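Before any comments, here is the structure.
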Amino acid sequence: MQGVRLVRPSAAQSEQMKNVDIAIVGGGMVGALLAALLKGAGVEVVLLERAGVIPPHADDPFEPRVSALTRASENLLRHVGAWEAIAATRCCAYTDMVVWDANGTGRVHFTAAEVGETHLGVMVENRLLQWALKEVAIASPQVMLRCPAQLVALERLPERWLLTLEDGEQMAARLVIGADGAQSAVRRLAGIGTRDTGYEQRAIVTTVRTELPHADTARQRFSETGPLAFLPLRTHGGDRHSCSIVWSQDETEAQRLLALDDATFCRELGQVFEHALGNVVGCDARFSFPLRARHAESYVREGLALVGDAAHAIHPLAGQGVNLGLLDAAVLAEEIVRAIGRDLPWWSEATLARYSRRRRAHNALILNSMTVFKKLFASSHPLLVIARNLGMEATGKLLPVKQEFARVAMGVAGDIPAAARQPV
Ligand SMILES: Cc1cc2nc3c(=O)[nH]c(=O)nc-3n(C[C@H](O)[C@H](O)[C@H](O)COP(=O)(O)OP(=O)(O)OC[C@H]3O[C@@H](n4cnc5c(N)ncnc54)[C@H](O)[C@@H]3O)c2cc1C
């Protein structure tokens, strides 16, 4: 295997080494879901997470990292039994989505009613999601959480992978799954390259409070400087004046916005958002992330697979990142369970290739569409401005087109694993 050292431990070393069936590196949202989905599969799973998972509380301030979950992702969380804990803490189901172009008249308003649904998606804080999934996973005696535990080395044994943790502990796993995020150590140590596109932009994220209630509506304004999203949050008591914002800007402008005092930042933000929710009356601490599209050149090797951001990182403008990752986890679990049920080698490249075939092309399509979308909206060329406004107008007027857009946004179009389908 290119770039990977093949080691042959002595008989004494082999005897001392802990053997596990599956090691999932990264207990983020995607890794924790995968562990939860595999808990009844009859294999021993070790979940390695380098950072602590703090139990959330309904009265905590909102976390800056929040995900817009599709209906397919919500179905997955219900399927594994993590939903009750999330709903009992806090989340915000949104019924409407409004998207508009700052340079024209283009505006589309999607509603759940138009597609015969109660809501289009749900906003959930990342930490709450990760914690709820982890709790479900570790309730099974077949899943063991090791935290804090950081993977630092990965070597190939004749039939297993040898994992070395930061504290020097070693374990051998038949299957290693890299769920360790955009900077994946598993991907790097396995010698899997990536294709990268830098957007030369930074996303500013924070929680803001607005003069007007958000009415359970997700809003996104597009302009040539970058998209600005106001995503609705709801406190445990039901207050609807808080939104999570994701504001993508060129590097220098982002640095200027990050350096502003809170009052000036809120004023500028309110103006750019065209006071769609009145004045922005307050904001929490601001954080920022560089934006880039990154796709792993391969998702699988013999005994190794990548899922979530370890496999693909995407522009947050369509809020698809974690949703793609959760579907990766569901499809991979489905293929592993299928192979176990048929007494096939569930760790083999042939089994894992089925997962890759079902996910890689779909993820590539979404990644490429986001890049094209981003370029389309980044242009102030008059013809492109007219075209995108006409496109929005047409989408807004044609119900079947709108319904198809809404189905894609809800994550219920295409090859959906059984666990992500609507429960009947
Ligand atoms: C500004 C911004 C806004 C976004 N908004 C949305 C949104 O609205 N909707 C959406 O769907 N997505 C959104 N995303 C994307 C989303 O956050 C990611 O897709 C998601 O976090 C990926 O989940 P993951 O579990 O694959 O990786 P991560 O969340 O990165 O988790 C990886 C885990 O692995 C652990 N880890 C890393 N290295 C090691 C190691 N060596 N050993 C052990 N553990 C390790 C980490 O501690 C972490 O817990 C956004 C992203 C950005 C940047």
Side-chain angles (χ1 to χ4, degrees), residues 23-35 46-54 63-70 72-74 94 121-127 129-131 133-134 145-154 163-167 176-189 199 201-206 218 220 226-233 243-249 254 286-294 296 306-329 363 366-367 370 409 411:
I24 302 175
V25 182
M29 299 175 281
V30 174
L33 172 70
L34 184 59
V46 173
L47 183 60
L48 303 168
E49 169 53 46
R50 71 175 171 196
V53 186
I54 308 155
E63 202 215 339
R65 294 206 61 175
V66 174
S67 293
L69 295 182
T70 59
S73 296
E74 183 189 329
Y94 55 94
V122 189
M123 299 304 306
V124 182
E125 290 152 89
N126 289 8
R127 203 178 64 206
L129 192 55
Q130 181 189 14
W131 171 81
L133 286 166
K134 181 216 63 171
L145 173 69
R146 292 288 317 276
C147 177
Q150 181 172 354
L151 175 85
V152 291
L154 191 62
L163 295 95
T164 305
L165 307 183
E166 199 185 27
D167 63 4
V176 174
I177 295 163
D180 48 347
Q183 308 298 331
S184 173
V186 172
R187 189 183 64 217
R188 177 174 44 82
L189 295 167
Y199 291 119
Q201 280 207 326
R202 190 163 271 279
I204 300 172
V205 293
T206 186
Q220 186 146 225
L228 168 61
F230 269 56
L231 306 165
L233 300 173
C243 286
S244 167
I245 66 139
V246 184
W247 194 358
S248 308
Q249 282 291 338
R286 282 159 261 162
F287 296 87
S288 74
F289 303 89
L291 294 176
R292 56 176 46 253
R294 175 178 291 145
L306 302 176
V307 287
D309 273 24
H312 45 75
I314 182 175
H315 197 291
L317 71 84
Q320 285 292 326
V322 79
N323 295 293
L324 297 182
L326 296 176
L327 283 176
D328 291 347
N363 291 339
I366 304 273
L367 265 159
M370 288 310 118

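All values below were derived from every heavy atom in this structure, side-chain atoms included, with hydrogens, water molecules and symmetry-related copies excluded. Just so we're clear, the structure is a prediction, and the values are computed from it rather than from any experiment. Counting starts at 1 for both ligands and their atoms, in listed order.
Ser67 has its side chain within reach of Asn126: a pair of non-hydrogen atoms, C-beta onward, lies under 4.5 Å apart.
Of the N or O atoms in Phe289, none lie within a sub-3.5 Å distance of an N or O in ligand 1. For ligand 1, one of its N or O atoms has an N or O atom of Val30 under 3.5 Å away. Residue Leu151 has at least one nitrogen or oxygen atom sitting less than 3.5 Å from a nitrogen or oxygen atom of ligand 1, judged on distance alone. Backbone and side-chain nitrogen or oxygen atoms of Asn323 are examined, and one is located within less than 3.5 angstrom of a nitrogen or oxygen of ligand 1. Inclusion of Ala185 in the set of residues having an N or O under 3.5 Å from an N or O of ligand 1 is not warranted. The shortest N or O to N or O distance between Ser67 and ligand 1 is not below 3.5 Å.
Residue Val205 touches ligand 1 through its side chain alone, judged by heavy-atom distances below 4.0 Å. Under 4.0 Å from ligand 1, the heavy atoms of Ala179 that appear belong solely to its backbone. No part of Ala310 comes within 4.0 Å of ligand 1, judged by heavy-atom distances.
Atoms of ligand 1 found under 4.0 Å from any heavy atom of Met29 (numbered from 1 in listed order, with element): 20 (C), 21 (O), 25 (O).
Gly26 CA, 3.3 Å is the protein heavy atom nearest to atom 34 (O) of ligand 1. Among protein heavy atoms, the minimum distance from atom 11 (O) of ligand 1 is reached at Val322 N, 2.8 Å. For atom 51 (C) of ligand 1, the closest non-hydrogen atom on the protein side is Arg65 NH2, 3.5 Å. If you check which protein heavy atom lies closest to atom 9 (N) of ligand 1, you get Gly319 O, 3.2 Å. Considering only non-hydrogen protein atoms, atom 48 (C) of ligand 1 sits nearest to Glu49 OE1, 3.5 Å. In terms of protein heavy-atom proximity, atom 27 (O) of ligand 1 is nearest to Gly181 CA, 3.7 Å.
When every heavy atom of Leu47 is checked against every heavy atom of Gly26, the shortest pair comes out as CD1-O, 3.7 Å.
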Could you go through the side-chain contact (heavy atoms from CB on, under 4.5 Å) check for Ile366 and Ile314 one step at a time? CA-CA 8 Å; Ile366 304 273; Ile314 182 175; 3.4 Å; yes
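Ligand 1 lies within reach of Val66, whose nearest heavy atom is under 4.0 Å from it. Look at Ala149 and you'll find a heavy atom under 4.0 Å from some atom of ligand 1.
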